[in-house]
Amino acid sequence: QVQLVESGGGSVQAGGSLKLSCAAFGYTVSSFCMGWFRQAPGKEREGVGTIVHTGTATYTDSVKGRFTISQDLTKKILYLDMNSLTPEDSAMYYCAADERIGDCHPRSKRRFAHWGQGIQVIVSS
């Protein structure tokens, strides 16, 4: 059974940085698509970025140039480096994974079979 556990969230002032981690347990496949999503109160969950096991990452426009997704395949950890944070980045952040690699894109939240519990990120002005 796949379990995804996020860590690294918290509060930061605007302009600051945070790094989120997502540890994947029980994941035995060698090919996959993983991603980060976020949901602010009263809003739909939206994609932040996705990455295929080969390392190819895709980002939603609002975070391009500020956020970076990376992965440690040995440790099975997914990272999200967030820089130049704004209050609009405040949300619950979720890690997601799926064994299928087709359509690995932040717009495709419904294709992900496995989700973490989420972790809070608060950016104050």
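Without hydrogens or angle criteria, Thr58 side chain to His105 main chain gives no donor-acceptor distance under 3.5 Å. A donor-acceptor pair under 3.5 Å is formed between the side chain of Tyr59 and the backbone N or O of Ile69. A donor-acceptor pair under 3.5 Å links the side-chain atoms of Asp98 to the main chain of Ala113, judged by distance alone. Distance alone, capped at 3.5 Å, is enough to place a donor-acceptor pair between the Arg111 side chain and the Arg100 backbone. Distance alone, capped at 3.5 Å, places no donor-acceptor pair between the Arg45 side chain and the Lys109 backbone. No side-chain donor-acceptor contact under 3.5 Å links Thr60 to the backbone of Val48. One N or O on the side chain of Arg66 and one on the backbone of Ser62 form a donor-acceptor pair closer than 3.5 Å. Distance alone, capped at 3.5 Å, is enough to place a donor-acceptor pair between the Glu6 side chain and the Cys95 backbone.
In this structure, Lys19 forms a cation-pi arrangement with Tyr79, its terminal cationic atom sitting closer than 6.0 Å to the ring centre and no more than 45° off the ring axis.
Taking hydrophobic clusters as Ile, Leu, Val, Met, Phe, Trp and Tyr residues chained together by side-chain heavy-atom distances below 4.5 Å, Ile119 shares a cluster with Val2. If you chain together hydrophobic residues whose side chains sit under 4.5 Å apart, Ile51 and Phe67 fall into the same group. Met34 and Tyr94 fall into different hydrophobic clusters, where Ile, Leu, Val, Met, Phe, Trp and Tyr are joined by side-chain heavy atoms under 4.5 Å apart, directly or via other members. No continuous path of ILVMFWY side-chain contacts below 4.5 Å connects Trp36 to Phe112, so the two sit in separate hydrophobic clusters. Clustering ILVMFWY residues whenever any of their side-chain heavy atoms sit less than 4.5 angstrom apart, transitively, puts Leu80 in the very cluster that holds Leu73.
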Worked check of side chain to side chain contact (heavy atoms under 4.5 Å, CB included) between Asp89 and Met82: CA-CA 9 Å; Asp89 294 316; Met82 304 184 292; over 6 Å; no
Side chain to side chain contact (heavy atoms under 4.5 Å, CB included) between Lys43 and Arg38, worked out: CA-CA 10 Å; Lys43 294 187 176 181; Arg38 65 186 181 185; over 6 Å; no
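A distance of 6.5 Å separates CD1 of Ile122 from OG of Ser90, quoted to the nearest 0.5 Å.
Other residues, nucleotides and ligands place no more than 12 heavy atoms under 6.0 Å from the CD atom of Gln13.
For the 3.5 Å distance criterion, the side chains of His53 and Gln71 fail to qualify, holding no donor opposite an acceptor.
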